[in-house]
Amino acid sequence: QLQLVERGGGSVQPGGSLRLSCAASGFTLDYYATAWFRQAPGKEREGVSCISNNGHSTSYADSVKGRFTISRDNAKNAVYLQMNSLKPEDTGNYYCAVIRYYHCSEYDRNALDAWGQGTLVSVAS
């Protein structure tokens, strides 16, 4: 059974950085794209970034392009999200997800229904 555990959240000031990690167990990520989503208070969950199964292709929401970098280590069955130049609007609970396909096309619609607890990111002065 797929289990996802996200770590690395915290409270930072605007302009700060955080690195999130996601560890998968009970499931091998090698054949699947993986993605990060976030949910801000009072808002719907949204896709932030996706990486193809082999790491050769990535996708980013416009709001995070140039600031966030997604990566993966299939040997460790893990996915990461490096977040730089954080803004208050980046505040939210961040979740990783396995995508049904090896690619990231329409990844925000194709996440497997297996969500971890997420990790909370708070950006404030």
Side-chain angles (χ1 to χ4, degrees):
Q1 182 178 357
L2 170 62
Q3 289 188 320
L4 299 167
V5 178
E6 302 92 346
R7 291 191 174 92
S11 296
V12 296
Q13 293 185 338
S17 297
L18 287 172
R19 185 174 187 255
L20 307 183
S21 65
C22 169
S25 61
F27 193 88
T28 300
L29 297 179
D30 295 30
Y31 301 107
Y32 299 89
T34 52
W36 285 94
F37 290 73
R38 68 186 179 189
Q39 187 166 20
K43 295 187 177 181
E44 292 188 355
R45 188 158 49 199
E46 63 173 351
V48 174
S49 182
C50 178
I51 186 167
S52 61
N53 69 317
N54 58 11
H56 291 176
S57 178
T58 57
S59 177
Y60 295 93
D62 288 343
S63 58
V64 307
K65 280 181 182 176
R67 301 187 297 121
F68 290 12
T69 302
I70 191 170
S71 61
R72 65 190 295 159
D73 186 339
N74 285 347
K76 295 183 178 180
N77 222 29
V79 185
Y80 308 95
L81 186 67
Q82 177 67 43
M83 305 187 297
N84 298 328
S85 302
L86 283 162
K87 304 176 180 180
E89 50 264 43
D90 294 318
T91 294
N93 211 21
Y94 283 69
Y95 304 87
C96 63
V98 177
I99 307 305
R100 299 180 186 279
Y101 309 111
Y102 68 90
H103 56 77
C104 290
S105 178
E106 297 187 331
Y107 71 91
D108 54 337
R109 304 180 185 181
N110 290 304
L112 296 181
D113 189 21
W115 300 93
Q117 294 298 308
T119 185
L120 184 62
V121 172
S122 178
V123 185
S125 301

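Residue Val79 comes nearest to Ser71 through the heavy atom pair CG1-O, 3.3 Å, listed as atom of the first residue, atom of the second, then distance. Minimum heavy-atom separation, Ser17 to Ser85: OG-N, 4.3 Å. Looking at every heavy atom in both residues, Asn53 comes nearest to Tyr31 through CB-C, 3.6 Å. Of all the heavy atoms in Leu4 and Cys22, the pair that sits closest is CD2-SG, 4.0 Å. Listed here is the closest heavy atom pair of Gln117 and Tyr95: O-CE2, 3.6 Å. Here the closest non-hydrogen pair linking Ser57 and Cys104 is O-SG, 4.5 Å.
In this structure, CD in Gln39 is found 11.5 Å from CG in Leu120, a value given to the nearest 0.5 Å. The structure places OG of Ser105 at 7.5 Å from CG of Asn110, a figure rounded to the nearest 0.5 Å. One distance of note links CD of Gln82 with CG of Leu18; it measures 8.5 Å at 0.5 Å rounding. Note that CG of Leu29 is 5.5 Å distant from CZ of Arg72, once rounded to the nearest 0.5 Å.
Residues Ile99 and Val48 are members of separate hydrophobic clusters, defined by side-chain heavy-atom contacts under 4.5 angstrom among Ile, Leu, Val, Met, Phe, Trp and Tyr. Both Leu112 and Ile51 are part of a single hydrophobic cluster, where members link through side-chain heavy atoms under 4.5 Å apart. Hydrophobic clustering of Ile, Leu, Val, Met, Phe, Trp and Tyr side chains at less than 4.5 Å, counting indirect connections, keeps Val5 apart from Val98.
Taking 4.5 Å as the limit, every side-chain heavy atom of Leu81 sits out of range of all side-chain heavy atoms of Arg38. Trp115 has its side chain out of reach of Leu2: every pair of non-hydrogen atoms, C-beta onward, lies at least 4.5 Å apart.
The backbone N or O of Cys96 lies less than 3.5 Å from a partner atom in the side chain of Glu6, making a donor-acceptor pair. A distance-only check finds no donor-acceptor pair linking the side chain of Ser21 to the backbone of Tyr80 [under 3.5 Å]. Counting only distance, with no hydrogens or angles, the side chain of Tyr60 and the backbone of Ile70 share a donor-acceptor pair below 3.5 Å. Without hydrogens or angle criteria, Asn77 side chain to Thr28 main chain gives no donor-acceptor distance under 3.5 Å.
With a 6.0 Å radius and a threshold of 12 heavy atoms from other residues, nucleotides or ligands, Glu89 has its CD atom above the threshold.
Ring-plane geometry between Tyr107 and Phe37 is classed as perpendicular, the angle between the planes exceeding 60 degrees on a 0 to 90 degree scale with a lower cut at 30.
With sequence neighbours excluded, the residues forming a salt bridge (Lys or Arg N to Asp or Glu O under 4.0 Å) with Arg67 are Asp90, listed by chain and number.
Each of Leu20, Thr91, Asn93 was checked for a side chain to side chain contact (heavy atoms under 4.5 Å, CB included) with Val121, and the lone residue meeting it is Leu20.
Evaluation of the salt bridge (Lys or Arg N to Asp or Glu O under 4.0 Å) test over residues 51-64, restricted to residues two or more places apart or in two chains, returns Asp62-Lys65.
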